[in-house]
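Single-structure report; data block below.
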Amino acid sequence: MQEAEILIIGKGPAGLSAAIYTAMAGFDTIVVGETPKIAAEEHHIANYFGYPKPITGEFLMREGTEQAENVGAKLVDDMIMAVHMEADGKTYVAKGK
């Protein structure tokens, strides 16, 4: 079983962005999720901060994934089935496809 200080559910742009910030702040971070639909090459994004010209979802996800991994976030391709917090304060996650 993996343990981490921070669990982020969802590997889309918001999850990756959160992972970048938490990992850069020194927290042991795991991101769990499936590849989001936006990662397809045919998705075009024309309003993402920092990119004055349209980019593809595939490009955005590739760049975000690389940056998150470079700062130490661990990415896990899986589906979250349940999240449960025990009396001891630890949170347990059931995953599986």
Side-chain angles (χ1 to χ4, degrees):
M1 175 187 323
Q2 289 183 329
E3 289 192 20
E5 295 173 287
I6 304 285
L7 168 67
I8 298 169
I9 300 172
K11 289 189 341 183
L16 292 175
S17 182
I20 290 164
Y21 283 100
T22 58
M24 286 176 57
F27 292 99
D28 183 26
T29 303
I30 294 177
V31 184
V32 180
E34 297 181 293
T35 301
K37 292 178 184 174
I38 194 174
E41 186 176 337
E42 65 268 9
H43 279 80
H44 286 78
I45 302 160
N47 62 344
Y48 203 83
F49 177 80
Y51 295 97
K53 296 181 181 178
I55 58 174
T56 65
E58 178 185 43
F59 171 82
L60 181 63
M61 294 304 301
R62 184 176 58 246
E63 294 290 305
T65 297
E66 182 179 329
Q67 186 174 1
E69 290 176 334
N70 284 345
V71 295
K74 298 171 201 79
L75 278 60
V76 177
D77 187 33
D78 211 337
M79 181 185 294
I80 298 295
M81 303 302 287
V83 177
H84 178 75
M85 182 180 282
E86 293 288 335
D88 64 4
K90 286 191 175 184
T91 302
Y92 296 89
V93 177
K95 50 186 191 130
K97 289 187 176 183

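- Of the possible donor and acceptor atoms, none in the side chain of Ser17 sits under 3.5 Å from a partner among the backbone N and O of Pro13.
- Taken together through direct or relayed side-chain contacts under 4.5 Å among Ile, Leu, Val, Met, Phe, Trp and Tyr, Ile9 and Val93 form part of one hydrophobic cluster.
- Nearest heavy atoms, Ile20 versus Gly64: CD1-O, 4.1 Å.
- Nearest heavy atoms, Ala23 versus Ala73: CB-N, 3.9 Å.
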Could you go through the side chain to side chain contact (heavy atoms under 4.5 Å, CB included) check for Ile8 and Thr22 one step at a time? CA-CA 10 Å; Ile8 298 169; Thr22 58; 4.1 Å; yes

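- Residues Leu16 and Ala68 come closest through the heavy atom pair CD2-CB, 4.2 Å.
- Among pairs with a residue in residues 11-31, those fulfilling salt bridge (charged side-chain N to carboxylate O under 4.0 Å, His left out) read Lys11-Asp77, Asp28-Lys74, at least two apart in sequence or across chains.
- Here Thr29 contributes atom OG1 and Glu5 contributes atom CD; the two are 7.5 Å apart, rounded to the nearest 0.5 Å.
- The hydrophobic clustering, which links ILVMFWY residues whose side-chain heavy atoms are closer than 4.5 Å, places Ile30 and Phe27 apart.
- Cluster annotation: Leu60 is connected to Leu75 through the hydrophobic network of ILVMFWY side chains, with a link wherever side-chain heavy atoms come within less than 4.5 Å.
- When all heavy atoms are compared, the tightest approach of Met61 to Pro36 is CE-CG, 3.6 Å.
- Criterion: ILVMFWY side-chain heavy atoms under 4.5 Å apart, direct or through other members. Under it, Ile38 and Val31 are part of a common hydrophobic cluster.
- Residue pairs meeting the ring-ring contact (aromatic ring centres under 6.0 Å, His included) criterion with at least one partner in residues 50-83, sequence neighbours excluded, are Tyr51-Phe59.
- Considering CZ of Arg62 and CD of Gln67, their distance stands at 14.0 Å, rounded to 0.5 Å.
- We find the OG1-NE2 distance between Thr91 and His84 to be 9.0 Å, quoted to the nearest 0.5 Å.
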